[in-house]
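A short worksheet on the structure shown next.
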Amino acid sequence: MSSMPSQSWWPLVGHEGWPPNIKPSPGDFVASAPAQLTFFFIAGAAVVIFALPWAIRAAVRSKNYTPLLVIGSGLLCSQLEPMLDMLGHLHWAKNLVPAFTNFGITVPALIPLCYVAFLGLESYFCYFVIRNGAHVQHFIMMLGLGIVTDALMETIGINLRVYEYYGVQPYKFLNFPYWWGFINGASFVTVGAILAYAVPRLKGAHKLWLLLAAPTGMMFAYFGVGWVHILAHNSTLPVAVRWVATTIMMAMMVGWMFVLHHLVGRPQSLPAPHWTFWRIFAYGKVTPTRAVRMAMWQKMCEEGGVRPGDGIATNPEDPSQALVVGPTIVASGASPLPRRHEVSV
């Protein structure tokens, strides 16, 4: 018998044990073999197959190990999946090939490469945009891109019956709850911001700290900003209140883009490349050749009013031309990193 006195009159106190809205895994459904194989490639395997040679070439030819470290960081970040499945109320089909079990949930083998593709490679593209000068609207565009790509991938997986979201899931369309798009999309941008700050500051073996960028950035977005929804989602609060908490969280994720811009973005008073939502999508997803990308970059710089001497890279794909962004902490007797623009803090 519990020694805790009855608190039934207080609405925030309820029965102990499993959180009230969580249904223990596994799900009671199965996924077909074609569905599993299709989602394996859509969720990340295809992207990783194409990206891995690029990352290896960068390491071998240019001694640029950042792409490989970011891929490794995304892989490490996949260890967070079972905790998020439990707190977000996700069930996998019960016949998937297993990878590992934690929090009482067995994560399928298709998930690690999904994290590499999204928390690794999509976050790397966010880092690319930020390191080359991003205004606040560009951070919001990157959030929007994250929402769209996450929703596209997940809508396919859900409707292939590889997994499902159960219980109350606000803002659901085609079985995908769009609050997930906001919290995941913000995670991609947060990891990109961490990379933009850390990459030029870490030298030699210290660059191994980049392996922590994805798990740290994702957890900051989920629990540093998304806590309003996560707490309500696993509470006994009325459904209407949980919808309100979800809405507040989604608005906070947009506000978080302003904070990230304030920390590592290009001040609005200084010229920056003129990204549009289409260009942010096209540059990283569909531009086939370097010549096409460079032509797009030149046009964006012209439209953004960028002139020689503004500090913006002539070749954005050359890491040595990247802006050094974010606040600089200078120890006594040390020299700060050279700055390519005034910080926005």
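Keep in mind it's a predicted model, so treat the numbers as computed, not measured. The first residue of the sequence shown is numbered 1, and numbering continues consecutively from there.
Note on ring orientation: taking the six-membered ring where Trp is involved, the planes of Tyr124 and Tyr127 are perpendicular (angle over 60°, cut-offs 30° and 60°). Aromatic ring pairs are classed by plane angle as parallel below 30°, tilted from 30° to 60° and perpendicular above 60°; the pair Trp275 and Phe128 is perpendicular.
In this structure, Trp179 has its ring center no closer than 6.0 Å to that of Tyr171. In this structure, the ring of Trp227 has its center no less than 6.0 angstrom from the ring center of Tyr222.
Counted within 6.0 Å of NZ on Lys172, heavy atoms from surrounding residues, nucleotides or ligands total more than 12; the atom is thus considered enclosed. The 12-atom threshold is not exceeded at CZ of Phe258, counting heavy atoms of other residues, nucleotides or ligands nearer than 6.0 Å. Crowding of Gln298 atom CD: a count of heavy atoms from other residues, nucleotides or ligands under 6.0 Å not exceeding 12. Atom CH2 of Trp54 sits in a crowded spot, with more than 12 heavy atoms from other residues, nucleotides or ligands closer than 6.0 Å.
Judged by distance alone, with hydrogens and angles left aside, the side-chain atoms of Ser78 form no donor-acceptor pair with the main-chain N or O of Gly74 at under 3.5 Å. Between the side chain of Ser123 and the backbone N or O of Phe188 there is at least one donor-acceptor pair closer than 3.5 Å. A distance-only check finds no donor-acceptor pair linking the side chain of Asn159 to the backbone of Asn175 [under 3.5 Å].
The closest side-chain donor-acceptor pair between Tyr163 and Glu154 falls under 3.5 angstrom. Side-chain atoms of Asp85 and Trp92 include a donor-acceptor pair closer than 3.5 Å. His89 and Asn234 share a side-chain donor-acceptor pair at under 3.5 Å. Asn184 and Asp150 share a side-chain donor-acceptor pair at under 3.5 Å.
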Would you please test Thr190 and Trp256 for side chain to side chain donor-acceptor pair (under 3.5 Å) and show each step?
CA-CA 9 Å; Thr190 303; Trp256 177 236; 2.8 Å; yes
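Ion pairing between Lys285 and Glu122 holds under the 4.0 Å rule for side-chain N and carboxylate O.
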